[in-house]
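In what follows, a structure is listed as structure tokens, so that the remarks can point back to it.
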Amino acid sequence: MTKTFVISTVEIDDPIIALDEIKSQINLETDLLTNSIGIISCHYEFVISGVAKAVCEALPFDVAGIVASPMSDGTQADSLLLTVMVITSDDTEFIKIVTPSIAENASDIIAQSYKTATNHTGDKPTAIFAFAPFMPQNSGDNYVNVLTDISEGVPVFGSLAVDDTADFSNCFTISNGENHNDKMMMILTYGNFNPKFYMCNISDERVSDESAVVTKSEGHIVKEVNGIPVLEYFDTLGLSQAAETQYAMSMLPFLVDYKDDTPMVAKIFIGLTPENHALFGGIVSEGNDIHIALTDKNDVLMTTGKLVDQILEENPNASGLLVYSCVARAMAMGVEQYSEMELVNEKLANKLPILMSTSGGEMCPTQISDNNAINRFHNNTFVACVF
């Protein structure tokens, strides 16, 4: 048996008031089953004020997650919100991992942390929830790829932290109230926990039929497309001036075709390097086909609405829903930045406990077969885990 509670507070300054609000939403003596875990999203101001730490310390189980803005607890969407999803179960075990610094040798450190945590079980987890800070020197694809390899195909779901500062200086991960700008958090699930995963990004009609080939790249830095410098390629699309600012390109994600019959994955342009190479939000490898797409508010709401309808129809007995939606989708809302979250809340109508958070990069499987997941790192995507 699994139960899910979503608890939240908008009290950003006073830990005592915040704890009173939190404790009024869950009875820590009677509501919890044998094993519990908390997944947190909050604005970084809750970290700075000490409220996040106080809330985590008051909860009698491990808590892990990210700084984000905005987010939703199913009844309200706000930038200044702290939300914890509590998953409690009699037949599922949760193991929390905090890695050492991943500022260097991230893949090796993540792999070793996973191996150390799983040595005593001898079994594969049923799922991995992963949370990482935003670090320009690292690619979220590396995180996903190493976890897929070391776990032998366990589904990976999670998010990079994202804040609302100009330089993303407060993109922390959170573990039991402690915040980190260079450590990954993981939650491994064992036992009777078999989540389903959903994703959407851009409707098909908004994706260009014409593709281009990445002919020179290094990780998430693209140097040449179709055999010409990437800036010249942007010029053929009329985007050379737009490429000077990340915001101007945020509505024009690129879809990467891995040529392996899996769904294309959205990657967003972050900016130009001093060498006029293109820095993307995830790895774009040499030989990949890319398609430019156009997103806007209407398309975000349409794709999200259809997916939520599908989730509700296919999972009438679910106990919880965890959602991460790329911050670029919130940017597409313009002054109505909460519209996507409000649409989700309206469709759920309190039928299912939900934590929905903006994301600096989404981790979610695109396919699962024979207990082997094809995990991808996404941008400009709405990803959902229902359990």
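Looking at N379, its side chain does come within 3.5 Å of a backbone N or O of I268 through a donor-acceptor pair. No donor-acceptor distance shorter than 3.5 angstrom exists from the side chain of N138 to the backbone of A106, with no hydrogens or angles considered. For the pair N170 (side chain) and Y44 (backbone), a donor-acceptor distance under 3.5 Å is absent. Between the side chain of K183 and the backbone N or O of T173, no donor-acceptor pair lies under 3.5 Å. Between the side chain of T262 and the main chain of D260, no donor-acceptor pair closer than 3.5 Å is present.
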*Stepwise side-chain contact (heavy atoms from CB on, under 4.5 Å) check, M264 with H291*: CA-CA 9 Å; M264 290 194 291; H291 298 251; 3.6 Å; yes
*Given I26 and L28, is the side-chain contact (heavy atoms from CB on, under 4.5 Å) satisfied, shown in steps?*
CA-CA 6 Å; I26 186 171; L28 297 175; 4.0 Å; yes
*side-chain contact (heavy atoms from CB on, under 4.5 Å) assessment of M363 paired with F157*: CA-CA 5 Å; M363 305 179 220; F157 184 86; 5.8 Å; no
*Apply the test side-chain contact (heavy atoms from CB on, under 4.5 Å) to residues I87 and L322: give CA-CA distance (whole Å), side-chain angles for both, the deciding distance (0.1 Å), then the verdict.*
CA-CA 11 Å; I87 307 171; L322 179 62; over 6 Å; no
*Could you walk me through whether T273 and E275 pass the side chain to side chain donor-acceptor pair (under 3.5 Å) test, one step at a time?*
CA-CA 5 Å; T273 69; E275 300 79 19; 3.0 Å; yes
_T83 and D73: CA distance, side-chain angles, deciding distance, side chain to side chain donor-acceptor pair (under 3.5 Å) verdict_ = CA-CA 6 Å; T83 305; D73 63 2; 5.1 Å; no
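Counted by atom type alone, Q76 and S72 present zero donor-acceptor pairs between their side chains at under 3.5 Å. Between the side chains of Y258 and S285, no donor N or O sits under 3.5 Å from an acceptor N or O. Checked by atom type, the side-chain pair S36/T88 shows a donor-acceptor distance below 3.5 Å. Between the side chains of S339 and E342, no donor-acceptor pair is found at a separation under 3.5 Å. A donor atom on one side chain and an acceptor atom on the other are found under 3.5 Å apart for S325 and E340. No side-chain donor-acceptor contact under 3.5 Å links E11 and T9. In this structure, a donor-acceptor pair under 3.5 Å is absent between the side chains of N288 and D257. No donor-acceptor contact under 3.5 angstrom links the side chains of S113 and T99, judged on distance only. Counting only N and O atoms by type, the side chains of R329 and T303 include a donor and acceptor under 3.5 Å apart. Remark: the S319 side chain and the T2 side chain contain no N/O donor-acceptor pair separated by less than 3.5 Å. Under 3.5 Å, the side chains of E21 and Q25 contain no donor-acceptor pair of N or O atoms. For the 3.5 Å distance criterion, the side chains of D78 and H43 fail to qualify, holding no donor opposite an acceptor. With 3.5 Å as the limit, one finds a donor-acceptor pair spanning the side chains of S175 and K96. In summary, the side chains of S203 and D299 do present a donor paired with an acceptor at a separation below 3.5 Å, with no hydrogens or angles considered. Using a 3.5 Å distance cut-off with no hydrogens or angles, the side chains of T148 and N375 do pair a donor with an acceptor. A side-chain donor-acceptor contact under 3.5 Å links T34 and D90. Side-chain atoms of D91 and Y190 include no donor-acceptor pair closer than 3.5 Å.
The shortest distance between side-chain heavy atoms of I292 and L239 falls below 4.5 Å. Between P133 and H180 the shortest side-chain heavy-atom distance does not fall below 4.5 Å. No side-chain heavy atom of I39 sits under 4.5 Å from any side-chain heavy atom of V84. Residues V300 and T295 have side chains in contact (heavy-atom distance under 4.5 Å, counting atoms from C-beta outward). Considering only heavy atoms from C-beta on, P263 stays 4.5 Å or farther from R376 through its side chain. You'll find the side chain of F382 stays beyond 4.5 Å of the side chain of Y324, heavy atoms only. Considering only heavy atoms from C-beta on, I66 stays 4.5 Å or farther from I174 through its side chain. Looking only at side-chain heavy atoms (C-beta outward), V344 and E346 stay at 4.5 Å or farther from each other.
Between R206 and D296, at least one side-chain N (NZ, or NE/NH1/NH2) sits under 4.0 Å from a carboxylate O, which counts as a salt bridge. Between D309 and K351, no side-chain nitrogen of the basic residue sits less than 4.0 Å from a carboxylate oxygen of the acidic one, so the salt-bridge criterion is not met. Between K53 and E178, at least one side-chain N (NZ, or NE/NH1/NH2) sits under 4.0 Å from a carboxylate O, which counts as a salt bridge.
Taking the six-membered ring where tryptophan is involved, the planes of F254 and Y233 are tilted, since the angle between them lies from 30° to 60°. Ring planes of F387 and F193: tilted class, angle from 30 to 60°.
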